[in-house]
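Okay, structure first, notes after.
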Amino acid sequence: MTDSKTDWTRLVTRAAVVLGVGAVLAALLAAVGSAAGLWGFGTGLKALRYLFFAASAGALLGLVGLVMARRRAKLMLANLLALVVALGFVLYLGNLVRIAKSVPAIHDVATDLNDLPQFTRLQVRADNLENIPDEGKPELKALAPEERWKSIHRAHYGDIRTIRLAAPPAETARRSAELARGRGWEVALAEGDRVEATDTSTFFRFKDDVVVRVRPAPGGGSLVDMRSISRVGGSDVGMNAKRIRAFLADLQR
């Protein structure tokens, strides 16, 4: 009986480690492969769906293994490792899904929809405003893609607007470039009234392009507009709006 129980305990422990820790390692591989161009970002993201379930199973087995391996320090430690790693991964992906469901499935965010800041050095993706969701609303489905995007944008990101600063345009543009470099963005252009840069994510190395436009304000000071666009994907999981809010808040300090 003792030998049989020991064999089952080891089997459960190994399965917990393989599924729990293995899922995280596989997710890192999916991210690195996508970033390196070995496969498309869609393939890497699709892999995360299956790895989420693998990690969930690993966490469950890790919990069961902890109970089975009581008084056996090494096996308990292995199960605890699998449980912590797998559960952390599951919670991380679960939070991303929660955020994705709470924001609109768009990837282009700007402060001025009537006079969009344009890129002059960086190139906007060819399909940028082609596949805009209608959110299941007939009134949105009836609109042209760009107007649909603007309607969704206004409904969800109405707080993202042009800001006015007391500093003159030249100083504001200079500070904008400094802020971009300070964030680790790759600055492609910092001339005259605009700054263009690229922000690269840590995990999948997603690239989002940013333009900051500075113009003289009536009566003095500067008017600052900003636009942030993801190079791939349909939804940015709210990252472009988050980036603009944080950048403009720092610029206003």
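Fair warning: this is a prediction, and the values are worked out from it, not measured in the lab. Along the sequence shown, the residues carry numbers beginning at 1. Reckoned from all heavy atoms, side chains included, excluding hydrogens, waters and symmetry mates.
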Solution key, residues 15-36 side-chain donor-acceptor pairs under 3.5 Å, sequence neighbours excluded:
residue: Ser34; atom: OG; partner: Ala30; partner atom: O; Å: 2.9
residue: Ser34; atom: OG; partner: Trp39; partner atom: NE1; Å: 3.2

Are Glu139 and Lys137 close enough, and set up right, to give a salt bridge (charged side-chain N to carboxylate O under 4.0 Å, His left out), and what steps lead you there?
CA-CA 5 Å; Glu139 63 272 22; Lys137 300 176 182 178; 5.3 Å; no
Mind listing the side-chain donor-acceptor pairs of residues 80-88 below 3.5 Å, one per line with the distance, residues two or more places apart or on another chain?
none

Can you list every pair that meets ring-ring contact (aromatic ring centres under 6.0 Å, His included) and has a residue in [range], with sequence neighbours left out?
{"range": "residues 57-104", "answer": "none"}
{"range": "residues 186-209", "answer": "Phe41-Phe206, Phe204-Phe206"}
{"range": "residues 208-251", "answer": "Trp185-Phe247"}

Which Ile, Leu, Val, Met, Phe, Trp or Tyr residues join Phe119 in one cluster when any pair of side-chain heavy atoms under 4.5 Å counts as a link?
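For the cluster that includes Phe119, the remaining residues are Leu122, Val124, Val211, Ile229.
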So which residues get pulled into Val237's cluster when ILVMFWY side chains under 4.5 Å apart are joined, directly or through others?
Ile99
With a 3.5 Å cut-off and sequence neighbours excluded, list the donor-acceptor pairs that the side chains of residues 59-66 form with protein atoms.
none

Restricting to side-chain hydrogen bond (donor to acceptor under 3.5 Å, both in side chains), what partner residues turn up for Arg121, sequence neighbours left out?
none
Under the side-chain hydrogen bond (donor to acceptor under 3.5 Å, both in side chains) test, residues paired with Arg164 that sit two or more places apart:
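side-chain hydrogen bond (donor to acceptor under 3.5 Å, both in side chains) check on Arg164 returns nothing, list empty.
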Checking Asp250 now: which residues fulfil salt bridge (charged side-chain N to carboxylate O under 4.0 Å, His left out) with it, not counting sequence neighbours?
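With neighbours one apart ignored, the set is Arg183, Arg253.
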Sole residue of Arg227, Lys150, Arg148, Arg125 in salt bridge (charged side-chain N to carboxylate O under 4.0 Å, His left out) with Asp108
Arg227
Which pairs, with at least one residue in residues 216-226 and sequence neighbours excluded, count as a side chain to side chain donor-acceptor pair (under 3.5 Å)?
Thr111-Asp225, Thr162-Asp225, Thr172-Ser222, Arg213-Asp225, Arg215-Asp225
